[in-house]
Amino acid sequence: LQLPMEPEDYPRANPGPGTMLVNMTPGRIEKMTREYLGLADDVAAVANLQGSFAAQDQPFMTAFYRELKHEGMPFLHLSPPPRSVARTLAANLGIAYDEPDAILDEEARASTTKSLDRAWEALLERTKGRRQAVVLLRATPTSVKWVEETFVPKKLEGEARIVPLSSVLHRMAKG
């Protein structure tokens with residue numbers, strides 16, 4: 001579940017309606033997080049949609065993490081900014097925190113699957129010997145076609161195994 005969070009150059013860069021802002025009260029941030037979770041089905045993790053400014057704001061992240069901890073929900077941090085407090089704060093508050101190893105976004109927007117093929121091969125090479133890697137892929141007509149053609153057990157044999165995100169992310173007990 002991606003939640004819209006305030007980026008550094010908001011409102012010029014705008015994740016859309018319902019963006020969680022750093023000037024909101026902690027109670028409002030917790031309530032919005034709870035409401036977003038209540039609207040979603042079968043959530044494996046909560047991720048940020050933009051949010052570079054929010055990730056640098058300790059009061060914002062503390063309120064956000066308070067609700068995630070209550071729900072026993074991990075945070076999947078997409079493209080953390082250099083001054084982010086999110087990882088350290090998550091460790092201090094006992095929040096399950098992960099970052100994806102790769103995000104295939106621009107490649108998925110192309111009209112052919114060639115860039116996805118190249119990115120996938122490079123990713124397999126880069127992660128060779130590792131037990132697991134979390135890869136996020138934007139769903140587009142091109143990427144859906146590519147997944148159907150590429151993620152066939154016989155083609156993946158010995159190279160990779162596709163599993164649900166929930167099986168590789170660290171989970172915490174509901175608080």
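All residue numbers refer to positions in the sequence shown, counting from 1.
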| said: If you apply the rule side chain to side chain donor-acceptor pair (under 3.5 Å), what do you find for Q50 with E8, and how did you get there? | reply: CA-CA 9 Å; Q50 297 186 14; E8 286 181 350; over 6 Å; no
| message | Looking at K114 and D117, is any side-chain nitrogen of the basic one under 4.0 Å from a carboxylate oxygen of the acidic one? | response | no
| message | Are I103 and V168 linked, directly or through intermediate hydrophobic residues, by side-chain heavy-atom contacts shorter than 4.5 Å (ILVMFWY only)? | response | yes
| query | Any sub-3.5 Å donor-acceptor pair from D57's side-chain atoms to F60's backbone N or O? | reply | yes
| Does E30 reach the side chain of T33, with side-chain heavy atoms less than 4.5 Å apart? | no
| message | Main chain of W146, side chain of T150: is a donor-acceptor contact present, judged purely on distance under 3.5 Å? | response | yes
| message | Given 3.5 Å as the limit, does a donor-acceptor pair link the side chain of S84 with the main chain of P81, or not? | response | no
| query | Is the backbone N or O of L76 less than 3.5 Å from a side-chain atom of D98, with the two atoms forming a donor-acceptor pair by type? | reply | no
| Is the closest basic N to carboxylate O distance between R87 and E99 below 4.0 Å? | yes
| Between CE on residue M61 and OH on residue Y65, distance to nearest 0.5 Å | 3.5 Å
| task | Could you pull out the closest heavy-atom pair between T19 and Y36, with the gap in Å? | result | N-OH, 4.5 Å
| query | Checking K69 side chain against G94 main chain: does a donor-acceptor pair fall under 3.5 Å? | reply | no
| If we only count heavy atoms from C-beta on, is the P15 to P7 side-chain gap below 4.5 Å? | yes
| note | Heavy-atom nearest pair, I29 first then L21, reads CD1-O, 4.2 Å
| query | Below 4.5 Å, heavy atoms only, C-beta onward: do N48 and H77 meet side chain to side chain? | reply | yes
| request: Could you label the plane-to-plane angle of the Y97 and F75 rings as parallel, tilted or perpendicular, counting under 30° as parallel and over 60° as perpendicular? | output: tilted
| request: Mind listing the closest non-hydrogen atom pair of L123 and A102 along with its distance? | output: CD1-CB, 3.7 Å
| said: Test your reading of the model: is there a side-chain donor-acceptor pair from T113 to the backbone of L116, 3.5 Å cut-off? | reply: no
| said: Please check: side-chain N/O of S143 versus main-chain N/O of T140, any donor-acceptor pairing under 3.5 Å? | reply: yes
| query | So, the side chain of E107 versus the backbone of D105: is there a donor-acceptor pair under 3.5 Å, distance only? | reply | yes
| field | Salt-bridge contact R126-D101 (side-chain N to carboxylate O under 4.0 Å) | value | no
| message | Taking V85's backbone N and O only, do any of them form a donor-acceptor pair with T88's side chain (distance below 3.5 Å, no angle check)? | response | no
| Considering only heavy atoms from C-beta outward, does the side chain of M32 approach that of L3 to under 4.5 Å? | no
| Test item: E67 side-chain N/O and A63 main-chain N/O as donor-acceptor pair under 3.5 Å | no
